[in-house]
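When a residue number appears, it is its place in the shown sequence, counting from 1. Keep in mind that what you see is a predicted model, and the values were worked out from it rather than measured.
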Amino acid sequence: MKTIEINLESTRYPVYLGRGCLHDRSLWNRHLGQGKVLVVSNETVAPLYMPSLLEALGERETEIHVLPDGEQHKTVKTWGSILDKLVAIQARRDTTLVALGGGVVGDITGYAAASYMRGIRFVQAPTTLLSQVDASVGGKTGVNHPNGKNLIGAFHQPHAVMIDSASLDTLQAREFNAGMAEVVKYGALCDREFYDWLQVNAALIAGRDESAIDHLIERSVLDKAEIVGQDEKESGIRALLNLGHSFGHALESETAYDRVLHGEAVAIGMVTAAKLSEDRGFCEAGTAESLAALLKKFELPVHIPDDLSVDRLAAALKLDKKAVASGLRLVLLKAIGEAFVDQGSTAEQILNAIKESQG
């Protein structure tokens, strides 16, 4: 088992990486405190991992709350159901919430932990590739609004993160591939060496080679830890982690969060951002093509569906939470491995990049 320390201005916490760590009683005893435990999961994950997790928790006073599965349920109503459960079990400030599931479960549970009694402890136990390499680390929590992704939320850091890559053995291919979009993102924005490694090892990864998967999880978490450690609340460099996300979030909201997975939307968004970067002369021709070719190795979509309105997608970008008074902030590329934040793209340039990405 390996441990990566997340060192922030406000706190620090460990990320454990290792097959079987989800069921390691000694780890749980170290991070749960003395109060009640509420494990939040969803209808898909709970039957797979809840029994063994409860066994690892031992004799603790533990309650369970199971959510419906899917991004469309990442709502204020679902968040409220966790708060209702906390009240019903008379949870106090020494209660610990455990998020057992993917990014949706982690985000909602973390936001409930941030909100209940103005903040209680929670532990991330991510079971999808996307949540292991991205969503579980860094303290972003929240829910969606019908008009925009993650518009409601808070920064609330976990007490620990337990990344058990064995849980990926039950992950469906589409979900695994969606997680690979966030992995590729790290290579594209700050780690050219990792990007090249992904190109060379794509077949091993697609075949679920254990050592390759363990390596890419560790490398992704290290890259994110490096950035988040410098900028906990996204006032500067952390914004680079949003590569592909502005376009991706617009795509998700325009399809009501039930047509494309988050990682699929990010894949399309990264290629769109690369096209805009090329159009504006920031990076060399062929950058978007290289990125698309790597994403396709993991069966990810790289084009905006042509039945979607380009104008509506452009309008949805204006509600992106990364926009500021002076305009939309987009993460663009100078090269593979070198991203930057730009506020100078005109509405026409953005619209043209969206059109170029449609197909």
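Between the side chains of Ser290 and Thr287, no donor-acceptor pair is found at a separation under 3.5 Å. In this structure, a donor-acceptor pair under 3.5 Å is present between the side chains of Ser10 and Glu232. Side-chain atoms of Ser235 and Asp231 include a donor-acceptor pair closer than 3.5 Å. Between Gln124 and His159, the side chains place no donor N or O within less than 3.5 Å of an acceptor N or O (distance only, hydrogens not considered). Between Ser165 and Asp214, the side chains place a donor N or O and an acceptor N or O closer than 3.5 Å (distance only, hydrogens not considered). For the residue pair Gln358 and His303, no side-chain donor N or O sits within less than 3.5 Å of a side-chain acceptor on the partner. Between the side chains of Asp24 and Ser26, at least one donor N or O lies within less than 3.5 Å of an accepting N or O. For the residue pair Ser345/Asp342, the side-chain donor-acceptor check at 3.5 Å is satisfied. Of the N and O atoms on the side chains of Lys275 and Asn352, not one donor lies less than 3.5 Å from an acceptor on the other residue. Side-chain N/O atoms of Ser41 and Tyr49 include no donor and acceptor closer than 3.5 Å.
Aromatic ring centres of His31 and Phe122 lie farther apart than the 6.0 Å criterion allows. A ring-centre distance under 6.0 Å is found for His215 and Trp197.
Grouping the Ile, Leu, Val, Met, Phe, Trp and Tyr side chains by contacts below 4.5 angstrom, directly or via other members, places Val40 apart from Leu54. No single ILVMFWY cluster, assembled from side-chain heavy atoms under 4.5 Å apart, contains both Met162 and Leu168. The cluster map of Ile, Leu, Val, Met, Phe, Trp and Tyr, joined by side-chain heavy atoms under 4.5 Å apart, puts Leu222 and Val184 in the same cluster. Linking ILVMFWY side-chain heavy atoms closer than 4.5 Å, directly or via other members, places Leu294 and Val133 in a single hydrophobic cluster. Following chains of ILVMFWY side-chain contacts shorter than 4.5 Å, one cannot reach Val137 starting from Tyr16, and the two form parts of different hydrophobic clusters.
Remark: Glu289 CD is loosely packed, at most 12 non-hydrogen atoms of other residues, nucleotides or ligands lying under 6.0 Å away. At most 12 heavy atoms of other shown residues, nucleotides or ligands fall within 6.0 angstrom of atom CD in Glu348. In Arg30, the CZ atom is crowded: over 12 heavy atoms of neighbouring residues, nucleotides or ligands sit closer than 6.0 Å. When the shell of 6.0 Å around CD of Glu61 is examined, it contains 12 or fewer heavy atoms from other residues, nucleotides or ligands. Dense packing is recorded around CD of Glu43, with more than 12 heavy atoms of other residues, nucleotides or ligands lying under 6.0 Å away.
For the pair Tyr195 and Leu291, the minimum side-chain heavy-atom distance is below 4.5 Å. Within the 4.5 Å cutoff, no side-chain heavy atoms of Leu129 are placed close to those of Glu175. A heavy-atom distance below 4.5 Å is not found between the side chains of Ile336 and Asp196. Side-chain contact between Glu234 and Asn242 is present, with heavy atoms from C-beta onward closer than 4.5 Å. Counting heavy atoms from C-beta on, the side chains of Tyr13 and Asn7 never come closer than 4.5 Å. Using a 4.5 Å heavy-atom threshold, the side chains of Leu351 and Thr346 count as separate. The side-chain heavy atoms of Tyr186 and Asp134, taken from C-beta on, include a pair separated by under 4.5 Å. Under the 4.5 Å side-chain criterion, counting only non-hydrogen atoms from C-beta, Cys21 is in contact with Asp164.
A salt bridge is absent between Asp107 and Lys140: the closest approach of a Lys/Arg side-chain nitrogen to an acidic carboxylate oxygen does not fall below 4.0 angstrom. Using a 4.0 Å cut-off between a side-chain N of Lys or Arg and a carboxylate O of Asp or Glu, Lys2 and Glu218 qualify as a salt bridge. A salt bridge links Arg219 with Asp191: the closest approach of a Lys/Arg side-chain nitrogen to an acidic carboxylate oxygen falls below 4.0 angstrom. Under the 4.0 Å criterion applied to side-chain N and carboxylate O atoms, Glu299 and Arg174 are not assigned as salt-bridge partners. Using a 4.0 Å cut-off between charged nitrogen and carboxylate oxygen, Glu254 and Arg259 do not count as a salt-bridge pair. The pair Arg208-Asp169 does not meet the salt-bridge criterion, since no charged nitrogen lies less than 4.0 angstrom from a carboxylate oxygen.
Side-chain atoms of Lys296 do not come within 3.5 Å of backbone N or O of Val302 as any donor-acceptor pair. A donor-acceptor distance shorter than 3.5 angstrom exists from the side chain of Trp28 to the backbone of Leu22, with no hydrogens or angles considered. Judged by distance alone, with hydrogens and angles left aside, the side-chain atoms of Gln230 form a donor-acceptor pair with the main-chain N or O of Glu226 at under 3.5 Å. Checking side-chain atoms of Arg25 against main-chain N and O of Glu55 turns up a donor-acceptor pair under 3.5 Å. Under the 3.5 Å distance criterion, the side-chain polar atoms of Arg238 are matched with a main-chain donor or acceptor of Gly138. Of the possible donor and acceptor atoms, none in the side chain of Thr78 sits under 3.5 Å from a partner among the backbone N and O of Lys74.
Remark: Leu317 CG to Arg312 CZ distance equals 12.5 Å, nearest 0.5 Å. Note that CD of Gln172 and CG of Asn177 are 11.0 Å apart. Values are rounded to the nearest 0.5 Å. To the nearest 0.5 Å, the span separating OH on Tyr257 from OG1 on Thr75 amounts to 11.0 Å. Atom CD1 in Ile350 sits 12.0 Å away from atom CG in Leu313 (nearest 0.5 Å). Here OG of Ser357 is found 9.0 Å from CG of Leu276. Values are rounded to the nearest 0.5 Å.
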Expected list for residues 65-73: side-chain donor-acceptor pairs under 3.5 angstrom, two or more places apart:
unit_1: His65; atom_1: NE2; unit_2: Ser81; atom_2: OG; d: 3.0
unit_1: Asp69; atom_1: OD1; unit_2: Asn42; atom_2: ND2; d: 3.3
unit_1: Asp69; atom_1: OD2; unit_2: Thr44; atom_2: OG1; d: 2.6
unit_1: Glu71; atom_1: OE1; unit_2: Lys149; atom_2: NZ; d: 3.4
unit_1: Glu71; atom_1: OE2; unit_2: Asn144; atom_2: ND2; d: 2.8
unit_1: Glu71; atom_1: OE2; unit_2: Lys149; atom_2: NZ; d: 2.6

